[in-house]
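Below, chains carry the letters A, B, ... as their sequence lines are ordered, and counting in each starts from 1.
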Amino acid sequence: MLDILIPYLPAMISGLIVTLELMLCSLAIGLLLAIIFTLISATGRVYLKAPVDVLVFFIRGTPLLVQIFIIYYGSGQWAWLRNSFLWDIFRHPFGCAAIALAVNTAAYTTALLTGAIQAVPKGEVEACEVLGFSRWQLLRRIIFSRAWRMALPAYSNEVIMILKSTSLASTITLLDLMGVMRQMIARTYEVLPFFIMAGFLYLILNGLIIGVFRLLERKYRVVATR
Amino acid sequence: MEPIKKLFISTLENHKFNAMKYLISFEGYGLQLFWGALTTISVAVCALLLGLLMALLGALGELSHHRSVRWLTLTLTALIRGVPELLVLFGIYFGGSALLTLVIGEDLQVNAFIAGVFALALIFAAYGAQTLRGSFMAIPGGQKEAAQALGLSSRRTFTHILLPQAWRIALPGLGNLWLVLLKDSALISLLGLSDLMNKAQMAASNTHQPFKFYMIAALIFLILTSLSQISFKKLTHKTIHA
């Protein structure tokens, strides 16, 4: 049964690469956004915090598929967007999927980081203030390093969620692993071998992510306290 | 009398017309979107009920005394949790049809509604089994022993002692899984079911206003998830204080 797959191996590998690119791109942008959002929330200014809260509420309350469609199909409705330099990003399914996934993971990671920062013991912060740490030193040395360790195990779940969510990009014609598989199925009318292969590849990627996080947790000596 | 009657009828018709106009607003797609939302809700609720049953079976399987049963359920749930939701959905719909055709020998197509419900239930159960297993394990062993000492049969011990307590512990976790399920139900439009997403897609392409109609779909989902969150909070409060 599996010999049907052999001629399509190069296409599958290119799909796999697109999936990985999409995942890493959106995770990098998403993590950056999440840190910015968390810092904004930490300032405690309502006019800064409210827009972030509304965005997080919207993202977490709506399906990712709708968000992807809003960005990919919805962006074409605005003439000013079509005429601006941003259209180079919004025109391509990869750009739209990356934006949707990045904002999505940013919203979930913000909640994660906020929780971790609130869990940093007050005494440690006070001790640093007594020792005369600057605000930046306090953030970098104590709050971020503690919060990073606390959030790491939960963040691995987020990364796996994003890997699985990249498959939705196939609905806006991106030829990621899922997209390639759907194309192959449409071409050959062979359903089962391609789905089994796709599932197998996603499971391998999952295993790799879990392995990387095990290593990271060992490196940063994360102790499971929960 | 005649002019008054005429006036009465005309106002009634006017009113009727306004009501109709109101119902079919959103450029005439209001009713369609409403029916679509109903389809989405019914798929999600059916999947929830089936998923709860399957999650319970999964939890019992994971807690089974037989190593083979334990191993089988653990592998199955890990497999489902490891692959994209879209793949599970397509696997059930297209793969199920291919399997049926292979087994029976005729060209068969699995019903999209049933395939959607089953796939969503399976995903719910793969996570729910873990939640339920955890809450069964959180019940002190003394509870079971006490029930045995009182002479309760093992079936009654399960339905009257263990299940109600496990349910209470699992409720917040299951609530979150329901939200995930509700959001995943947007995927069934890809099977061609005329759900909320499908209707929004139709309206978007006919009116050339994709942003507006996908935004409306998103807001309807937002209302549904917010309502679920509020009612889950109330339910949790009630069960804990019952």
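- With a 4.5 Å cut-off on non-hydrogen atoms, A/Phe58 touches chain B through its backbone and its side chain both.
- Applying ring pair (Phe, Tyr, Trp, His ring centres under 6.0 Å) to A/Phe69 and the options B/Tyr214, B/Phe211, B/Phe221 leaves one that passes, B/Tyr214.
- Residues A/Val66 and B/Ala218 come closest through the heavy atom pair CG1-CB, 3.6 Å.
- Counting heavy-atom pairs under 4.5 Å between each of A/Phe194, A/Phe200, A/Trp78 and chain B puts A/Trp78 at the top.
- Residue-environment remark: OH (B/Tyr127) exceeds the threshold of 12 foreign heavy atoms within 6.0 Å.
- Using modelled atom types, no side-chain atom of B/Lys183 and backbone atom of A/Leu65 make a donor-acceptor pair closer than 3.5 Å.
- The two residues A/Leu192 and B/Ala98 have their closest heavy-atom pair at CG-CB, 4.3 Å.
- Between chain B and the options A/Leu64, A/Ile185, A/Ile70, A/Leu168, heavy-atom pairs under 4.5 Å are most frequent for A/Ile70.
- Contacts of A/Ser167 with chain B are made by both backbone and side-chain atoms, with heavy-atom separations under 4.5 Å.
- For a residue to count as touching a neighbouring chain, one of its non-hydrogen atoms must lie under 4.5 Å from one of that chain's; by this rule B/Leu182 does not touch chain A.
- In this structure, chain A has heavy atoms under 4.5 Å from both the backbone and the side chain of B/Leu187.
- Using a 4.5 Å cut-off between heavy atoms, A/Val191 contacts chain B through its side chain alone, with no backbone atom that close.
- In this structure, the portions of A/Phe57 lying under 4.5 Å from any heavy atom of chain B include both its backbone and its side chain.
- For A/Ser165, no part lies near chain B; criterion is any non-hydrogen pair under 4.5 Å.
- The contact between B/Met215 and chain A is made by backbone and side chain atoms together, counting heavy-atom distances below 4.5 Å.
- Closest approach of A/Lys164 to B/Glu85, counting heavy atoms only: NZ-OE2, 3.6 Å.
- Counting heavy atoms of neighbouring residues, nucleotides and ligands inside a 6.0 Å radius, atom CZ of A/Arg214 does not exceed 12 of them.
- Checking side-chain atoms of B/Lys212 against main-chain N and O of A/Gln77 turns up no donor-acceptor pair under 3.5 Å.
- For the set A/Gly199, A/Gly76, A/Pro63, the entry with the most heavy-atom pairs within less than 4.5 Å of chain B is A/Pro63.
- For the set A/Met181, A/Met161, A/Met178, the entry with the most heavy-atom pairs within less than 4.5 Å of chain B is A/Met178.
- No part of B/Leu179 comes within reach of chain A, as not one of its non-hydrogen atoms sits under 4.5 angstrom from that chain.
- Within 6.0 Å of atom OH in A/Tyr73, more than 12 heavy atoms from other residues, nucleotides or ligands are found, so the atom counts as buried in its surroundings.
- Residue B/Phe213 does not touch chain A at all, counting heavy-atom pairs closer than 4.5 Å.
- Shortest non-hydrogen contact noted between B/Ala78 and A/Leu203 is O-CD2, 4.5 Å.
- For the set B/Ile223, B/Val83, B/Thr225, B/Leu99, the count of heavy-atom pairs under 4.5 angstrom toward chain A peaks at B/Val83.
- Heavy atoms closer than 4.5 Å to chain A are found nowhere in B/Ser228, neither backbone nor side chain.
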